[in-house]
Amino acid sequence: MAASSGSFINNKRSMALWAITLALCLVSTLAELHRINHLVNSDSLKFLVIGDWGRKGLYNQTEVAVQMGKIGEELDPAFIISTGDNFYENGLTGVDDPAFEESFSNIYTAKSLQKLWFNVLGNHDYRGDVEAQLSPVLSMKDQKWLCMRSFIVNTGIAEIFFVDTTPFVDKYFTHPGDDTYDWRGVVPTRKKYQSNLLKDLDSALKDSTSKWKIVVGHHTLRSAGSHGDTKELVKDFLPILKGNDVDLYINGHDHLVQHITSLDSKLQYFTSGGGSKAWRGEYDLSKEGLKFFYDGQGFMTVKITETDADLVFYDVFGKVLYKWSMSKETYTAI
Ligand SMILES: *[C@@H]1O[C@H](CO)[C@@H](O)[C@H](O)[C@H]1NC(C)=O
């Protein structure tokens with residue numbers, strides 16, 4: 001047991017939550033979306049978002065982790081969200097892969113980060129043993145770890161819908177190159193996997209009574225970075241998000257931080273993919289709706305109340321790069 005998880009184990013509420021989520025993992029149902037209740041007993045929900053990080057501390061991963069810890073100290077987040085690409089280059093080799101400790105447990109050691117981490121899978125995670133990342137064995141090794149393919153976290157103020165985007169992207173199937181992907185649980189019924197998830201997401205969003213609806217996935221919907229928009233997601237997810245008044249789509253995949261606004265709906269796109277290797281130097285700053293773009297390392301904080309949401313990007317030094325606030329009142333007044 002890592003020494004850093006000591007304070008976490010002593011937190012009874014977190015332990016109970018962990019046990020419940022672990023049970024949820026074990027009793028996996030046919031539905032694509034698992035539900036987790038993580039009700040926040042305060043008038044605001046606060047969390048951190050990091051993506052594209054697992055590089056054994058290299059490429060400023062450790063530096064970003066240290067600043068997350070410091071900002072987390074002030075913020076006191078309810079949990080941390082990882083937008084995927086948790087372990088480079090090729091996911092985990094199995095539950096005993098030391099990369100789990102080298103890239104996660106031994107890096108995010110700050111006290112303020114010993115909260116539940118809600119992880120989704122990125123395309124690089126699919127290049128390794130996916131079942132390992134989803135395994136409760138990892139949650140036993142490090143109790144802040146929680147990874148599922150697609151799931152819903154209801155916090156009361158906001159409902160957060162985590163979606164598994166990699167199986168939607170055609171090129172990983174049609175042009176995998178030298179990379180191999182672990183499609184267990186996705187193929188041979190890929191179309192069914194996709195349609196089940198889209199159907200479940202649509203009905204869960206329709207049923208949601210939360211003030212704020214947030215969708216989190218690894219891949220970009222819209223991006224000024226080198227990956228650009230993900231056409232499959234624009235086709236399959238965007239109509240569902242817009243049709244159900246989703247406030248925010250949060251992703252990684254491009255190794256940078258950026259905010260793009262919609263011109264035809266209230267949906268705001270935030271990329272938090274600056275967890276380690278960045279500075280690719282390929283971008284299109286003329287992208288429609290682009291409000292902010294930073295090609296380097298960074299992370300994001302989110303604070304949400306019944307009426308307002310405040311999102312802030314920080315860089316590798318913990319310096320504020322960008323702030324964005326949105327209000328429910330403004331939208332209803334329009
Ligand atoms: C680490 O961050 C600093 C400050 O942004 C930057 O100058 C440097 O290039 C980064 N290192 C890597 C490997 O990205």
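Owing to the predicted nature of the structure, the values given are computational and were not obtained by experimental measurement. Counting starts at 1 for both ligands and their atoms, in listed order.
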Taking the basic N atoms (NZ, or NE/NH1/NH2) and the acidic carboxylate oxygens, is any pair closer than 4.0 Å for R190 and D170? yes
For residues L241 and L221, determine if any side-chain heavy atom of one lies less than 4.5 Å from a side-chain heavy atom of the other. yes
What are the atoms of ligand 1, with element, lying closer than 4.0 Å to any heavy atom of [X]?
X: N60; value: 1 (C), 2 (O), 3 (C), 8 (C), 10 (C), 11 (N), 12 (C), 14 (O)
X: F317; value: 4 (C)
X: V316; value: 2 (O), 4 (C), 5 (O)

Do any nitrogen or oxygen atoms of Q297 lie less than 3.5 angstrom from nitrogen or oxygen atoms of ligand 1? yes
So which heavy atom on I152 is nearest to which on A204, and how close? CD1-CB, 3.6 Å
Apply the side chain to side chain donor-acceptor pair (under 3.5 Å) test between Y126 and each candidate in N90, D179, D164; give the one that qualifies. D164
Tell me the protein heavy atom at minimum distance from atom 9 (O) of ligand 1, and give that distance in Å. W279 NE1, 4.1 Å
How does K277 reach ligand 1, if at all, at less than 4.0 Å between non-hydrogen atoms: by side chain, backbone, both, or neither? neither
Is it true that W53 and S103 share a donor-acceptor pair across their side chains at a distance under 3.5 Å? no
For this output row, return yes or no: ring centroids of F118 and W145 closer than 6.0 angstrom. no
Got a protein heavy atom sitting under 4.0 Å from atom 7 (O) of ligand 1? no
